[in-house]
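The figures here come from the full heavy-atom set of this structure, side chains too, leaving out hydrogens, waters and symmetry mates. Numbers restart at 1 for each chain; the letters A, B, ... are given by sequence-line order, proteins then strands.
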Amino acid sequence: MLVYRMSSTYAWWPEVVSPKEIDPYLDKLFLRAGDSQWVHPLREAIREQMVQQLATPSALSSTADKLSDPAGKGLK
Amino acid sequence: MDEQVRERVQVFLSEVKQIPTLPDVYLRLQKAFEDPWLSVEYISNIIRLDQTLTISILRLANSPFFGFRKKISSITQAVMLIGLREVYSLVLSISVMGIFPLKEVDQGNLFPAKKLWEHCLAVGVASRVLGKMIGYAQPEELFVAGLIHDIGKLVEKMYLGEKFVTVCQRSRDEERPFLELEEEILGFTHAEVGEMLAEMWGFPALLVSITAHHHHPEKLTEPKSADGAAIVHVADALVRAMGIGWGGDPFVPPIVPAALERLALITPSSLGSVLLKIRQEYDTALRFLMH
């Protein structure tokens, strides 16, 4: 997912490169989300996908990444 | 829309020397749809007047985005298979995407147009996915609604200059939502700019309504618009959570409970599979619509 390679140009968090960075990232992402019945399950679903992607690095280069960043240099 | 806000948006838009116009073929189609005796052949003939549009539609019709097994080789065939309303939606999507540039000279800006388009495309795809899941009658309309929901931001970005930069900078520095800063600094939001622009372009009332209320779907009462706005509202939150593109700030916005009530068929526990479906369809749409 593009989120893991978001540039500091338009986001101010570090790239998520290890599992321990996931929760701080999600805390910030969901900072303004309020407390509707979907917030917790949505956060968990995103967390699960991030953990899975970190466990399988090849999954990081989705089509979107390739197209947005054909040279594979990241978005910085 | 509040009268004072409307005035402020009018002043802003009146200062824009050249509001982008939609291509002639879209305007002809718009006119054609006023005719109750509309035929497939008539619509096909209008589309064929624009070669680039013809190629784009055939390319999309043959893409996994629609998933037809048979190869579609003519516009008439595409219109018959995809449907008249849906083709109209596609033409509208392609036309709107064509008038706002994806590429920018300044690569280091705070709000890259390409990233905004990726966000809009993903919201379009997500709206279509959610619409199909709850049995919405015309999910292609939702695709267009999602695609254009932030059109006001593109216009602000193109024509507001320093004020727009201030909104982006303060949103980043103060870690506050883009929408909140728009209200504070500009006195109007992209939803209101989008609403007026959609009206000026003569978009269908449903699209005007959804564009205007995608942050407050609970304000709509007419069932189809209310459902549509609720879907785009939720799709926006899902796409931001997935980190696709850039909508102005990096926050998942609050989801209005009334919107979730309209999407009751989608349970919170199924969100994981919903996100995967959106991701897959987004990848396909990105390939065929933005490159």
Side-chain angles (χ1 to χ4, degrees), chain A residues 1-17 21-54 56 58-71 73-76, chain B residues 107-112 114-116 118-119 121-122 168 171-173 175-177 179-180 234 237-238 240-261 263-264 266-276 279-280 282-287 290-291:
Chain A
M1 285 165 73
L2 287 168
V3 69
Y4 308 124
R5 292 159 64 167
M6 244 183 199
S7 148
S8 55
T9 315
Y10 41 92
W12 50 97
W13 304 302
E15 290 177 1
V16 175
V17 291
E21 286 175 315
I22 291 177
D23 280 322
Y25 168 77
L26 291 176
D27 288 346
K28 202 91 169 202
L29 184 66
F30 283 88
L31 184 69
R32 304 272 180 172
D35 60 354
S36 74
Q37 54 170 331
W38 272 32
V39 171
H40 182 68
L42 179 57
R43 181 184 162 124
E44 283 313 298
I46 296 290
R47 190 176 196 289
E48 205 175 297
Q49 290 191 2
M50 289 174 89
V51 170
Q52 271 175 18
Q53 292 213 358
L54 282 174
T56 51
S58 60
L60 275 172
S61 42
S62 68
T63 312
D65 286 332
K66 284 177 197 158
L67 288 167
S68 300
D69 181 24
K73 292 176 182 166
L75 292 170
K76 278 187 177 172
Chain B
Q107 293 302 318
N109 71 50
L110 288 163
F111 205 150
K114 185 168 179 289
K115 292 284 144 198
L116 177 59
E118 285 175 4
H119 167 76
L121 180 63
C168 295
S171 169
R172 181 195 59 189
D173 298 342
E175 296 191 1
R176 289 170 62 197
L179 184 75
E180 208 174 281
V234 172
L238 297 187
R240 281 162 171 266
M242 292 168 81
I244 302 175
W246 183 244
D249 62 56
F251 303 116
V252 174
I255 306 177
V256 174
L260 291 181
E261 280 166 26
L263 270 75
I266 303 167
T267 60
S269 60
S270 66
L271 277 174
S273 55
V274 174
L275 297 184
L276 277 176
R279 182 82 222 176
Q280 284 162 355
Y282 169 71
D283 278 357
T284 307
L286 189 69
R287 262 203 314 271
M290 285 183 69
H291 295 273

Please test Arg32(A) against Arg240(B) for side-chain contact (heavy atoms from CB on, under 4.5 Å), starting from the C-alpha separation and ending with a verdict.
CA-CA 12 Å; Arg32(A) 304 272 180 172; Arg240(B) 281 162 171 266; over 6 Å; no
Those residues at least two apart in sequence (or on a different chain) that pass side-chain hydrogen bond (donor to acceptor under 3.5 Å, both in side chains) with Glu261(B) are none
Honestly, the part of Val234(B) sitting under 4.5 Å from a heavy atom of chain A is side chain
Whatever's closer than 4.5 Å to a heavy atom in chain A on Gln280(B) counts as neither
Please output the side-chain donor-acceptor pairs of residues 33-43 of chain A that fall under 3.5 Å, not counting sequence neighbours, one pair per line with the distance.
| residue | atom | partner | partner atom | Å |
| --- | --- | --- | --- | --- |
| Arg43(A) | NH1 | Asp27(A) | OD1 | 3.0 |
| Arg43(A) | NH2 | Asp23(A) | OD1 | 3.4 |
| Arg43(A) | NH2 | Asp27(A) | OD1 | 2.9 |

The reported gap from CG in Leu271(B) to CD in Gln49(A) (rounded to nearest 0.5 angstrom) is 10.0 Å
Max heavy-atom pairs within cutoff under 4.5 Å with chain A, candidates Pro257(B), Gly272(B), Pro268(B), goes to Pro268(B)
